[in-house]
Amino acid sequence: MSTAPQPKRIVVVGAGIVGVSTGLHLQREGHSVTLVDPTPPGRGTSFGNAGSIAIGSVYPTGSPGNWKQVPKMLTDPMSPLRIKWSYVLKAAPWFWHFLEASRESRVEEISHHLWALSKDAMTSHRKLIELTRAHDIVKPVGWLKVYSSQQSLDKTKHEREVMTRRGVKFDVLTADEIRQLEPGLSPKFTHGYHQPENGFVSEPVKLTEAYFAKFKELGGRWVPEKVRRFAMGPNGVEKVVTDLAMYPCDAVVVCAGARSHEIVAMLGRRFPLDTERGYHLNLTVQEGPELRRATVIGDHGFVLAPMQDGLRLTTGAEFAGVDAPPDFRRIYRMLELAHQALPGLKAEVTREWLGFRPSTPDSVPVIGRSPDHANVYYGFGHGHIGLTLAARTGELVSDLVAGRDPGIDLTPYRIERY
């Protein structure tokens, strides 16, 4: 007969979707949980994504095919990839590891690790959606990718082969089948594929806020402060020291997104985390065709997502660190392409947004117990799939804190792999 875990005072550093999901799981188990983040829950990087709970995200950012395209992409003003040249030297160690992880054998290995997490991602979210009554936010409409030629679709051949080997469900579509799913799309899109099991979050910040509301209802709290250091004792971290206060604790969980490597450094360890900066424009639609689900315009690498507050155009993987000012020139170039994708669209830009994806070189998040401090746990580095894996990460961290078997081998996600 299993026994309930002993209640602990736990500080979760980070109040994005991963931190809030983790805090909610821990609070449900009877722990006293404090989220520490100067940014309100869900208002950081979690705010601006394309809204996909992408259970089929098993293909890493780095791959043999992708890597070969990088030089061309860097010179293309319409490319979604950009590296600020003044940042190249600082990013070089990350890219060295990235190149190593892009070998074909490593891509296959990494896809196994990602599938072990993502295959249960929707199930994990459903539990929290039921708990928080957030059904109206998440829609079971899948994830659509469209292309204007067979040649363009063929560039995804390796990715689709890897997905097939992992058991990811998807349907390759003809032009007529694309039109049945999305009648408003341009007829120039003649090829595509649809992942029917993906969920679409029609307002990501509202999902985080729904989880956070239940977290507060159960007694959890958020403090809008910045972690400065950790006070150590014989059993590990004894206090989390912020810019305004000190919080005694029995355990710490690091879910600090793109700033996680800074928190980890305070705990005495280095990890090669970098930031893939992502942009979006919010378009208030005045007239034009309806879009029913998030759709990747594969020829140009951007997404159109019909959010509750407007049509969201998301694009970009920019390497420039977290402190460089935003550069919206590239995403504004995509506006004309968005109008071409949805003929008759008339819309006004009502928001410019920049977020910071916390990206590991191998696209595999860090989930597990610290090898340095027995009462420190990690849940960061989710890159493009933070929304997808948030609820699953919370479950796994809660299992570790309780001393339960998490049900999967967490070795591939350990921080000491680098």
Side-chain angles (χ1 to χ4, degrees), residues 14 16 18 44-46 48-49 57 59-104 106-107 109-110 113-114 254-280 301-302 314-331 333 353-367 378-386 412-418:
V18 177
T45 298
S46 299
N49 57 64
S57 286
Y59 200 67
T61 303
S63 69
N66 287 347
W67 181 252
K68 292 174 184 176
Q69 296 174 35
V70 166
K72 181 181 177 182
M73 293 172 73
L74 290 178
T75 58
D76 181 358
M78 301 301 286
S79 167
L81 176 65
R82 178 177 180 268
I83 301 175
K84 190 174 182 181
W85 294 114
S86 61
Y87 191 71
V88 168
L89 191 60
K90 186 173 183 180
W94 188 94
F95 275 104
W96 177 258
H97 291 300
F98 177 78
L99 181 61
E100 191 279 330
S102 300
R103 292 182 290 111
E104 190 161 349
R106 286 284 287 130
V107 168
E109 177 188 356
I110 289 166
H113 304 331
L114 293 175
V254 179
C255 303
R259 298 282 186 181
S260 293
H261 66 298
E262 298 173 6
I263 305 299
V264 168
M266 295 178 196
L267 293 161
R269 182 168 286 269
R270 301 287 178 181
F271 186 85
L273 189 76
D274 213 314
T275 304
E276 287 185 64
R277 295 153 58 103
Y279 292 83
H280 90 219
F302 67 88
T314 73
T315 190
E318 178 185 57
F319 288 86
V322 295
D323 298 319
D327 182 352
F328 289 98
R329 290 175 297 176
R330 193 163 296 220
I331 193 168
R333 295 188 191 112
W353 181 89
L354 167 65
F356 305 96
R357 303 183 191 99
S359 297
T360 64
D362 57 5
S363 299
V364 177
V366 176
I367 303 173
Y378 296 125
F380 69 87
H382 295 79
H384 292 254
I385 50 177
Y413 319 104
R414 66 195 187 281
I415 194 169
E416 61 266 37
R417 70 182 187 266
Y418 284 111

Asker: Hey, could you give me the CG/OG1 distance between Leu354 and Thr45, rounded to the nearest 0.5 Å?
Answerer: 8.0 Å

Asker: Do any N or O atoms from the side chain of Arg270 and from the backbone of Ala265 form a donor-acceptor pair under 3.5 angstrom?
Answerer: no

Asker: What are the two closest non-hydrogen atoms of Ile263 and Ala256, and how far apart are they?
Answerer: CG1-CB, 4.0 Å

Asker: Atom CZ of Phe356 and atom CD of Glu318: how far apart are they, to the nearest 0.5 Å?
Answerer: 9.0 Å

Asker: Going from CZ on Arg357 to CD on Glu276, what distance comes out if it is rounded to the nearest 0.5 angstrom?
Answerer: 5.5 Å

Asker: At their closest point, which heavy atom of Ser260 faces which heavy atom of Leu273, and how far apart are they?
Answerer: CB-CD2, 4.0 Å

Asker: What distance do Arg277 atom CZ and Tyr87 atom OH have between them, rounded to the nearest 0.5 Å?
Answerer: 9.0 Å

Asker: Counting N and O atoms only, with roles assigned by atom type, does the side chain of Ser57 sit under 3.5 Å from a partner on the main chain of Leu114, one being a donor and the other an acceptor?
Answerer: no

Asker: Using the salt bridge (Lys or Arg N to Asp or Glu O under 4.0 Å) criterion, which residues pair with Glu262? Sequence neighbours excluded.
Answerer: Arg259

Asker: Working to the nearest 0.5 angstrom, can you tell me the gap between Phe302 CZ and Thr314 OG1?
Answerer: 9.5 Å

Asker: Under 3.5 Å, is there a donor-acceptor pair between the side chain of Thr61 and the main chain of Ser363?
Answerer: no

Asker: Nearest heavy-atom pair of Ser63 and Val107: which atoms, and what distance?
Answerer: CA-CG2, 3.8 Å

Asker: Identify, with sequence neighbours excluded, every residue that meets side chain to side chain contact (heavy atoms under 4.5 Å, CB included) alongside Glu416.
Answerer: Arg269, Pro371, Arg414

Asker: For Val18 and Gly379, work out which heavy atoms get closest and say how close.
Answerer: CG1-O, 3.5 Å

Asker: Which heavy atom of Pro361 sits nearest a heavy atom of His97, and at what distance?
Answerer: CB-CB, 3.5 Å

Asker: Hey, are Asp327 and Lys84 close enough for a salt bridge, meaning a charged N less than 4.0 Å from a carboxylate O?
Answerer: no

Asker: I'd like to check Tyr279 versus Arg330 (side-chain heavy atoms, cut-off strictly below 4.5 Å). Are they in contact?
Answerer: no

Asker: Say you draw a straight line from OG of Ser359 to CH2 of Trp94; how long is it, rounded to the nearest 0.5 Å?
Answerer: 6.0 Å

Asker: So do the side chains of Phe98 and Asp274 get within less than 4.5 Å of each other, counting heavy atoms only?
Answerer: no

Asker: Treating His280 as the side-chain partner and Gly48 as the backbone partner, does any N or O pair qualify as donor plus acceptor under 3.5 Å?
Answerer: yes

Asker: What closest approach, in Å, do Tyr413 and Val364 show between heavy atoms, and which atom pair accounts for it?
Answerer: CD2-CG1, 3.3 Å

Asker: Using the side-chain contact (heavy atoms from CB on, under 4.5 Å) rule, take Val366 and Tyr418 through it: C-alpha gap first, then chi angles, then the decisive distance, then the call.
Answerer: CA-CA 11 Å; Val366 176; Tyr418 284 111; over 6 Å; no

Asker: Phe271 and Thr360: side-chain contact (heavy atoms from CB on, under 4.5 Å), yes or no, with the steps?
Answerer: CA-CA 9 Å; Phe271 186 85; Thr360 64; 3.7 Å; yes

Asker: Answer yes or no: is there a side-chain heavy-atom contact under 4.5 Å between Asp362 and His113?
Answerer: no

Asker: Indicate yes or no for a side-chain donor-acceptor contact from Tyr378 to the backbone of Pro365 under 3.5 Å, with no hydrogens or angles considered.
Answerer: no

